[in-house]
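Any value given below was found using the heavy atoms of this structure, including those in side chains, with hydrogens, waters and symmetry copies removed. Counting starts at 1 for both ligands and their atoms, following the listed order.
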Amino acid sequence: MELKGQVAFVTGGARGIGRSIAGELASKGARIALGDLNLEDAAATAEALRAGGADCAAYGLDVSRAEDVEKAFEAVKNNFGRLDILVNNAGITRDGLLMRMKPEDWDMVINVNLRSVFLCSREAVKIMSRQRYGRIVSIASVVAFMGNPGQVNYGASKAGIVGLTKTIAKEYAGRGITANAVAPGFIVTAMTEKLPQEVRNQMMAAIPSGKFGTPEDVAHAVSFFCSPGAGYVTGQVMHVNGGMYM
Ligand code: NAP
């Protein structure tokens, strides 16, 4: 129970990788604040975590909206009294080849995937700085490092997370706050289930371990960065991809 008494805010925590991260951190004793666009789904996930013995509350927010983010962090601070861990997990795709990509799809992905990390991390460091302790972990992607046809917006947003993470790491190391990123490869969730079989086959052929990853594979990596023992590890990216990129 190495996270006992700590409070973790997980964005996009209602399902997929975020839900698994919330479960993993709860299993280590953390109290969980789940933030998601869909409050109903987040409340159902929070209920499931409470049934397993966790202290968990759900918050509805659009992570790309400053007003929503400020309100959610205020509520978390009021309900839990502190914040030790922020996991920037919420993310979306709006795929299309460069020539055909609509500016709205570019903006939407950059806002939900990257602006959100700026907004949430900004609120988190205000609380963590006073505590002289914090762990910020953001979910990037293998696409930030390898590129992927049809994902100029997504690849740019995830590469942006890496630069943002390294800069937060430098700005707040002196306050006991670490900032790291986890870059998953192909993980089986609703996000990847919608990909055509042909794309899935191509992906599989490029994975040396011969299998797709699970949300739990990502959650274990996040959990390491969140642990008290990882205090000297900052500005790093951990790749969780079965050897697809190294
Ligand atoms: P997912 O199953 O689609 O879940 C994403 C969650 O984020 C959903 O609960 C969604 O809520 C929420 N969300 C979306 N937009 C939001 C917003 N504006 N504000 C608040 N919450 C929002 O996705 P996933 O596969 O678990 O992905 C989680 C993260 O891992 C993402 O950042 C993704 O880019 C990254 N990642 C995934 C893979 C993969 O292979 N799956 C690989 C690399 C990186 P709704 O249900 O309301 O939409």
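Close N/O approach between Ile17 and ligand 1 is found [any backbone or side-chain N/O within under 3.5 Å]. Any N or O atom pair closer than 3.5 Å counts here, and Phe186 shares no such pair with ligand 1. Considering backbone and side-chain atoms alike, Asn113 places every N or O at 3.5 Å or more from each N or O of ligand 1. Checked against a 3.5 angstrom limit, the closest N/O atoms of Asp41 and ligand 1 fall outside it. Considering both main-chain and side-chain atoms, Ser141 never comes within under 3.5 Å of ligand 1 through any nitrogen or oxygen pair. Considering backbone and side-chain atoms together, Ile187 places an N or O closer than 3.5 Å to an N or O of ligand 1.
Residue-ligand proximity: Ala140 is placed with a non-hydrogen atom under 4.0 Å from ligand 1. Assignment of Ala42 to the shell around ligand 1 is not supported, since no heavy atom sits closer than 4.0 Å. Every heavy atom of Arg65 sits 4.0 Å or more from the atoms of ligand 1.
Atom 30 (O) of ligand 1 has Ile139 CG2, 3.3 Å as its closest protein atom, hydrogens excluded (heavy atom only). At the shortest separation from atom 9 (O) of ligand 1 among protein heavy atoms lies Asp36 OD2, 2.7 Å. Among all protein heavy atoms, the one lying closest to atom 4 (O) of ligand 1 is Arg15 NH1, 3.7 Å. Nearest protein neighbour of atom 6 (C) of ligand 1, counting heavy atoms only, is Gly12 O, 3.7 Å. What sits closest to atom 42 (C) of ligand 1 on the protein, heavy atoms only, is Gly185 O, 3.0 Å. Of the protein's heavy atoms, Asn89 O, 3.1 Å lies nearest to atom 31 (C) of ligand 1. In terms of protein heavy-atom proximity, atom 13 (N) of ligand 1 is closest to Ala90 CB, 4.1 Å. Counting protein heavy atoms only, atom 17 (C) of ligand 1 is closest to Val63 CG2, 3.6 Å.
If you check the side chains of Ser121 and Asn88, you find a donor sitting under 3.5 Å from an acceptor. With no hydrogens or angles considered, a side-chain donor-acceptor pair links Asp95 and Gln151 at under 3.5 Å. Neither side chain, Arg115 nor Ser64, offers a donor N or O lying under 3.5 Å from an acceptor on the other. With 3.5 Å as the limit, one finds a donor-acceptor pair spanning the side chains of Asn79 and Tyr59.
In summary, the atoms of ligand 1 found under 4.0 Å from a heavy atom of Ile92, numbered by their order in the structure, are 14 (C), 15 (N). For ligand 1, the atoms sitting less than 4.0 Å from at least one non-hydrogen atom of Asn38 are 47 (O), numbered in the order shown with element in parentheses. Here is the list of ligand 1 atoms found below 4.0 Å of a heavy atom in Leu61: 19 (N), 20 (C). Listed by atom number, the atoms of ligand 1 under 4.0 Å from Thr192 heavy atoms are 39 (C), 40 (O), 41 (N).
Listed by chain and residue number, Phe145, His239 satisfy the ring-ring contact (aromatic ring centres under 6.0 Å, His included) test with Tyr245 (two or more places apart in sequence, or in another chain).
To the nearest 0.5 Å, atoms CD (Glu24) and CG (Leu3) are separated by 9.0 Å. Between Asn113 atom CG and Lys158 atom NZ the span is 4.5 Å, to the nearest 0.5 Å. In this structure, the separation between CZ on Arg82 and NZ on Lys77 is 13.0 Å, given to the nearest 0.5 Å.
Taking 4.0 Å as the cut-off between side-chain N and carboxylate O, Glu123 and Lys126 count as a salt-bridged pair. Ion pairing between Arg65 and Asp68 holds under the 4.0 Å rule for side-chain N and carboxylate O.
Contact annotation for Thr189 and ligand 1: only side-chain heavy atoms (C-beta onward) come within less than 4.0 Å of the ligand. Contacts with ligand 1 closer than 4.0 Å are made by side-chain heavy atoms of Tyr154 only, the backbone lying farther away. Within the 4.0 Å heavy-atom criterion, the part of Val112 lying near ligand 1 is the side chain and not the backbone. Contact annotation: for Leu37 versus ligand 1, heavy atoms closer than 4.0 Å belong to both the backbone and the side chain. Proximity of Val143 to ligand 1, defined as any heavy-atom pair under 4.0 Å, is not found for any part of the residue.
Here atom 5 (C) of ligand 1 lies nearest to Gly91 when heavy atoms of Gly16, Gly18, Gly91 are compared.
Applying the side chain to side chain contact (heavy atoms under 4.5 Å, CB included) test between Ser157 and each of Val112, Ile92, Val109 identifies Val109 as the sole match. When the options Thr45, Asp41, Thr189 are evaluated for a side-chain hydrogen bond (donor to acceptor under 3.5 Å, both in side chains) with Arg19, the one that passes is Thr45.
Judged as a ring pair (Phe, Tyr, Trp, His ring centres under 6.0 Å), the pairs with a partner in residues 161-193 (not counting sequence neighbours) are, in order, Phe186-Phe212.
Val182 and Ile136 end up in different hydrophobic clusters when Ile, Leu, Val, Met, Phe, Trp and Tyr side chains are linked at under 4.5 Å.
Side-chain contact check for Ile32 versus Asp55: every heavy-atom pair is 4.5 Å or farther apart.
Taking the six-membered ring wherever Trp is involved, the centroid distance between the rings of Phe9 and Phe73 falls below 6.0 Å.
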